[in-house]
Asker: 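Sharing a structure below in structure tokens format, with a few things to ask.
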Amino acid sequence: MVLRWWALSATGVVLALAATAGCSSSGDAAGPSGGTSKGGASEASAFPGGVPAGARGAPLWSVPLAGEGGAALPVGTAIAVVASRGDVATVAFRDAVTGAARASVEVVGRLTSTTWHGRPALVAEGVKTTPSDGVSAERTAWLVEAFDEGGRRIARGEYAGKDQPLIVDGRRIVVEAGHGGSSGALVVADAGGDAPGWRIPCQDRVCANETAMVASGVVVHQLEDHDAETFAGFDAVTGAPLWSPRALGRPTGTDVTAEPEIVAGNNGALILAWYTSSSGTSPGHSTAYSVNDPATGRLLATGPVLPGSPKSGLTDARGAVAVVATTDTTAAWEPGTGKLLWQQAEDETRLEPVAVVGPVLYSGKDPSMAVDLRTKAVLQRAVTDPPVPVGTDYAVVVRNPGTAYVFAVDQP
């Protein structure tokens with residue numbers, strides 16, 4: 001079963017390393033020059049090619065990446081530099097500004113730069129296998145560990161079986177199937193502890209298993225209510241209902257269906273996409289956007305109405321601009337006001353938003369390019385390695401062969 005999930009302050013950066021998992025702390029981190037360092041980084045090596053759009057001048061520091069699975073993932077004020085050795089990876093947590101080593105850990109499994117109870121975190125997930133002792137059967141379990149931006153382990157959970165648990169912002173979310181006329185239940189528990197958590201029977205509704213989000217201490221989960229999919233909000237700690245589907249505010253000025261989709265998170269708010277009533281859910285028609293409060297479900301702002309069905313969306317680090325893509329167009333708008341900044345015409349090459357770095361939008365796929373976030377004026381073409389934003393002020397670029405460069409970012 002594949003579930004979609006969001007944690008609103010997450011970067012969404014994922015690195016798959018191996019199928020088994022275990023983790024242990026180690027000593028000093030590998031330094032930016034490849035040696036061992038407890039202090040700051042040395043000067044950055046020369047960056048190949050021109051300065052990436054949105055970056056300010058030369059890189060602040062750089063570090064070589066060892067192994068085929070080398071990567072650099074943003075974690076709050078740190079950058080997690082990953083060096084792989086077979087099934088094991090060493091993760092060195094470095095200060096994003098100076099490159100100074102903070103801590104180092106060894107992991108095996110999938111790494112995700114996300115949040116844990118609202119705090120930036122690096123989460124490792126993988127299968128732990130306990131071999132047979134000759135009498136008992138071999139056992140497998142999912143091991144989940146979370147590390148803060150200082151490289152300290154802040155949580156650990158182990159779950160029997162081969163099925164990957166759904167972990168969102170440090171909460172384990174389980175949708176129990178209904179039996180004998182029951183419509184099942186939503187079960188949420190702390191992913192780093194043994195407490196049973198809370199359980200909400202779905203009663204006359206069906207707990208859909210497609211979408212879950214944790215934002216500002218609220219679990220926003222998809223429900224199927226009278227054959228229409230919508231959302232409800234629950235307190236992440238206690239499970240107390242905070243708002244029902246009827247309380248979810250709809251965009252004003254246009255008739256929409258009762259089946260929204262979560263497009264993106266925006267500094268503690270939800271960005272939802274709604275099919276207009278005239279188009280139903282058929283591709284090639286129109287989509288209306290809204291900004292909603294996860295704590296109450298109420299409408300905060302109404303966004304544009306765009307042709308096509310919703311595909312994807314993201315925002316800049318400050319939450320000032322959202323970029324959304326439908327099957328027919330891509331557009332940028334202000335979540336705070338709903339104001340449309342630009343919308344692509346039918347004859348334009350479609351932009352596929354992958355990252356926002358300062359005042360610059362990076363588009364993936366073919367062709368890749370960088371454009372001005374507020375005007376879509378083309379700044380760079382044939383971009384091979386789009387930067388990954390690190391908070392509001394920095395970005396990291398990985399260039400082959402295996403070097404990560406950290407830049408300061410221009411401000412909008």
Side-chain angles (χ1 to χ4, degrees), residues 1-5 13-30 36 65-71 73 75 80-93 103-114 116-117 121-148 150-180 182 184-199 207 209 212:
M1 177 172 63
V2 177
L3 306 180
R4 290 183 292 165
W5 59 270
V13 181
V14 179
L15 176 65
L17 293 176
T20 59
C23 183
S24 62
S25 296
S26 62
D28 299 332
T36 299
L65 304 176
E68 296 181 358
L73 308 179
V75 185
V81 180
V82 183
S84 64
R85 304 186 312 278
D87 290 343
V88 180
T90 299
V91 182
F93 290 81
S104 179
V105 297
E106 287 190 349
V107 297
V108 184
R110 187 184 74 157
L111 295 178
T112 306
S113 175
T114 180
W116 196 274
H117 296 181
L122 184 73
V123 176
E125 300 176 73
V127 176
K128 175 185 176 182
T129 301
T130 303
S132 170
D133 60 5
V135 177
S136 61
E138 180 181 271
R139 291 182 174 84
T140 59
W142 273 90
L143 180 63
V144 179
E145 294 183 290
F147 302 86
D148 66 12
R152 294 173 291 269
R153 190 173 72 184
I154 55 176
R156 183 184 187 277
E158 193 171 316
Y159 308 99
K162 296 182 179 180
D163 293 335
Q164 181 178 355
L166 174 61
I167 307 295
V168 187
D169 191 43
R171 312 286 176 186
R172 185 189 182 205
I173 299 178
V174 177
V175 177
E176 294 182 347
H179 299 284
S182 169
L186 172 66
V187 182
V188 178
D190 189 335
D194 298 325
W198 51 268
R199 183 178 185 274
C207 285
N209 59 7

Asker: Under the rule for side chain to side chain contact (heavy atoms under 4.5 Å, CB included), what residues qualify as partners of A189, not counting sequence neighbours?
Answerer: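 A189: no side chain to side chain contact (heavy atoms under 4.5 Å, CB included) contacts found.
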
Asker: Going through the distances and angles, do E125 and I167 end up as a side chain to side chain contact (heavy atoms under 4.5 Å, CB included)?
Answerer: CA-CA 10 Å; E125 300 176 73; I167 307 295; 4.0 Å; yes

Asker: V105 and G151: which non-hydrogen atoms are nearest, and at how many Å?
Answerer: CG1-O, 3.8 Å

Asker: Report the C-alpha separation of T114 and W116 in whole Å, then their side-chain angles, then the decisive distance to 0.1 Å, and conclude whether the side chain to side chain contact (heavy atoms under 4.5 Å, CB included) test is met.
Answerer: CA-CA 7 Å; T114 180; W116 196 274; 5.9 Å; no

Asker: Could you tell me which non-hydrogen atom of L65 sits nearest to which non-hydrogen atom of V82, and how far apart they are?
Answerer: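 Residues L65 and V82, closest heavy atoms: CD2-O, 4.3 Å.
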
Asker: Please list, chain by chain and in numerical order, all residues satisfying side-chain hydrogen bond (donor to acceptor under 3.5 Å, both in side chains) with S132, sequence neighbours excluded.
Answerer: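 If we apply the side-chain hydrogen bond (donor to acceptor under 3.5 Å, both in side chains) test to S132, skipping adjacent residues, there are no hits.
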
Asker: For the atom pair CG (L122) and CD1 (I154), what is the distance rounded to the nearest 0.5 Å?
Answerer: 10.0 Å

Asker: I need the minimum non-hydrogen distance between P196 and V187, along with the two atoms involved.
Answerer: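 Of all heavy-atom pairs spanning P196 and V187, the closest is O-CG1, 4.5 Å.
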
Asker: Can you give me the closest heavy-atom contact between A80 and V91, atom names plus distance?
Answerer: CB-CG1, 3.6 Å

Asker: How long is the span from the CZ atom in F93 to the CG atom in L73, to the nearest 0.5 Å?
Answerer: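 The CG atom of L73 is 9.0 Å from CZ of F93, to the nearest 0.5 Å.
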
Asker: Look up atom OG1 in T90 and atom CD in E106, then write down how far apart they are to the nearest 0.5 Å.
Answerer: 4.5 Å

Asker: Which heavy atom in G192 sits nearest to a heavy atom in A155, and how many Å separate them?
Answerer: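 Heavy atoms only, the tightest pair is CA-CB, 4.0 Å.
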
Asker: Kindly determine whether F147 and V107 satisfy side chain to side chain contact (heavy atoms under 4.5 Å, CB included), including the steps that lead there.
Answerer: CA-CA 11 Å; F147 302 86; V107 297; 4.2 Å; yes

Asker: State, to 0.1 Å, how close P165 and R172 come at their nearest heavy-atom pair, and which atoms those are.
Answerer: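 Closest approach of P165 to R172: CB-NE, 3.8 Å.
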
Asker: Taking salt bridge (Lys or Arg N to Asp or Glu O under 4.0 Å) as the test, write out the residues that go with D148, two or more places apart.
Answerer: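 By the salt bridge (Lys or Arg N to Asp or Glu O under 4.0 Å) rule, D148 matches R119, R152.
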
Asker: At what distance, to the nearest 0.5 angstrom, does OG1 of T130 lie from CD of E138?
Answerer: 8.5 Å

Asker: Taking side-chain hydrogen bond (donor to acceptor under 3.5 Å, both in side chains) as the definition, give me every residue that meets it alongside R156, ordered by chain and number, with sequence neighbours left out.
Answerer: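 Partners of R156 under the side-chain hydrogen bond (donor to acceptor under 3.5 Å, both in side chains) test: E158.
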
